[in-house]
Amino acid sequence: MKAEQTSANINMVSRVAADTTIRGEIISPNDIRIDGTFEGKLNCSGRVVIGESATINAEIVCANIDVWGNIVGDIFVKDTFSLKEGGVVTGNIQVRRLHIELGSSFNGNCRMITEEEFAALSDVSPVSDGQD
């Protein structure tokens, strides 16, 4: 039954298109890609992808994140934070694994944490990485 649940969620990705602005709180059990503007708080149990045209001013709590766009705010990541070429992050990150490519910009503080610390810091129940 678990295999059926995993395959049912593979193509479930929420999207915020370019030229779209959202203000408020987003809570998603699935992956999310943002190419527009978002201000507020994002809590995602899956992967967050910040596209090249994205402008984010938010607190982000997620399992994994790939950043090509611009983020201002604090980020809490259960597993891997990947800052891609051209990506810009201004804020503090707390993460288990960090990957920063040449041509990106990070201005803030980084603290490496365990999954247990993530659960305590994020004020949410631990997000599942699908590897149970």
Side-chain angles (χ1 to χ4, degrees):
M1 175 125 176
K2 190 170 194 167
E4 291 174 15
Q5 290 175 339
T6 301
S7 64
N9 290 330
I10 288 174
N11 293 320
M12 297 180 72
V13 177
S14 299
R15 296 184 64 107
V16 176
D19 299 323
T20 300
T21 299
I22 295 179
R23 291 183 184 92
E25 184 173 5
I26 296 175
I27 300 170
S28 177
N30 302 307
D31 296 350
I32 186 166
R33 179 180 175 101
I34 300 175
D35 289 302
T37 300
F38 175 69
E39 297 177 14
K41 184 171 182 176
L42 171 61
N43 188 331
C44 178
S45 298
R47 176 175 302 281
V48 173
V49 176
I50 306 299
E52 294 89 345
S53 62
T55 302
I56 311 297
N57 187 350
E59 176 181 301
I60 300 173
V61 178
C62 61
N64 296 287
I65 188 167
D66 296 324
V67 179
W68 280 271
N70 296 300
I71 299 178
V72 174
D74 294 336
I75 305 168
F76 303 88
V77 185
K78 179 180 179 182
D79 192 30
T80 305
F81 177 101
S82 185
L83 185 55
K84 306 295 187 175
E85 182 178 358
V88 178
V89 173
T90 303
N92 301 313
I93 58 176
Q94 297 193 41
V95 63
R96 188 164 153 225
R97 291 184 255 210
L98 179 65
H99 177 252
I100 298 178
E101 292 183 1
L102 292 174
S104 62
S105 175
F106 170 64
N107 187 14
N109 295 305
C110 177
R111 181 169 175 260
M112 306 305 279
I113 60 173
T114 64
E115 282 188 42
E116 292 77 20
E117 288 174 306
F118 171 84
L121 289 169
S122 65
D123 292 327
V124 296
S125 60
V127 290
S128 172
D129 60 9
Q131 297 178 2
D132 296 318

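What you are looking at is a predicted structure, and each value in this text was computed from that prediction instead of being measured.
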### Query
Is there side-chain contact between K78 and E115, with at least one heavy-atom pair below 4.5 Å?
yes
### Query
Do V16 and F38 have side-chain heavy atoms sitting under 4.5 Å apart?
no
### Task
Taking all non-hydrogen atoms of both residues into account, name the closest pair between F76 and F118 and its distance.
O-CE1, 3.5 Å
### Query
What distance do C110 atom SG and I100 atom CD1 have between them, rounded to the nearest 0.5 Å?
7.0 Å
### Query
Less than 4.5 Å apart, any side-chain heavy atom of L42 and any of I34?
yes
### Query
Closest heavy-atom contact between V77 and N64?
CG1-CA, 3.9 Å
### Query
Can you get from I60 to M112 by hopping between Ile, Leu, Val, Met, Phe, Trp and Tyr side chains that sit under 4.5 Å apart?
yes
#### Entry: From N92 atom CG to N109 atom CG, the distance as rounded to the nearest 0.5 Å
4.5 Å
### Message
Between L98 and V89, is there shared hydrophobic-cluster membership here, with clusters defined by ILVMFWY side-chain heavy atoms closer than 4.5 Å?
### Response
yes
### Query
Do E25 and K41 pass the salt bridge (charged side-chain N to carboxylate O under 4.0 Å, His left out) test, and can you show the C-alpha distance, the side-chain angles, and the key distance before you say yes or no?
CA-CA 5 Å; E25 184 173 5; K41 184 171 182 176; 5.1 Å; no
### Message
Give me the atom names and distance for the closest heavy-atom approach of C44 to D31.
### Response
SG-CA, 4.3 Å
### Query
Are there more than 12 heavy atoms of other residues, nucleotides or ligands under 6.0 Å from atom CZ of R111?
yes
### Query
If every non-hydrogen atom of S28 is compared with every non-hydrogen atom of S14, which pair is closest and at what distance?
OG-OG, 4.0 Å
### Query
How many angstroms lie between CD1 in I22 and CD1 in I56, if you round to the nearest 0.5 Å?
9.5 Å
#### Entry: Euclidean distance, T37 OG1 relative to D19 CG, rounded to 0.5 Å
8.5 Å
### Task
Rounded to the nearest 0.5 Å, what's the gap from CG on N43 to CD1 on I32? Could you check?
10.5 Å
### Query
What distance do R33 atom CZ and I50 atom CD1 have between them, rounded to the nearest 0.5 Å?
9.0 Å
#### Entry: Test side chain to side chain contact (heavy atoms under 4.5 Å, CB included) applied to V61 and E59, step by step
CA-CA 7 Å; V61 178; E59 176 181 301; 4.1 Å; yes
### Query
side chain to side chain contact (heavy atoms under 4.5 Å, CB included) between I71 and I65: does it pass, once the steps are laid out?
CA-CA 12 Å; I71 299 178; I65 188 167; 4.1 Å; yes
### Task
Locate the shortest heavy-atom distance separating K84 from E101; write the atom from each residue and the value.
CD-OE2, 3.5 Å
### Query
What pair of heavy atoms forms the shortest contact from D79 to V95, and how long is it?
O-CG2, 3.4 Å
#### Entry: Contact check, side chains of I75 and V48, non-hydrogen atoms, under 4.5 Å
no
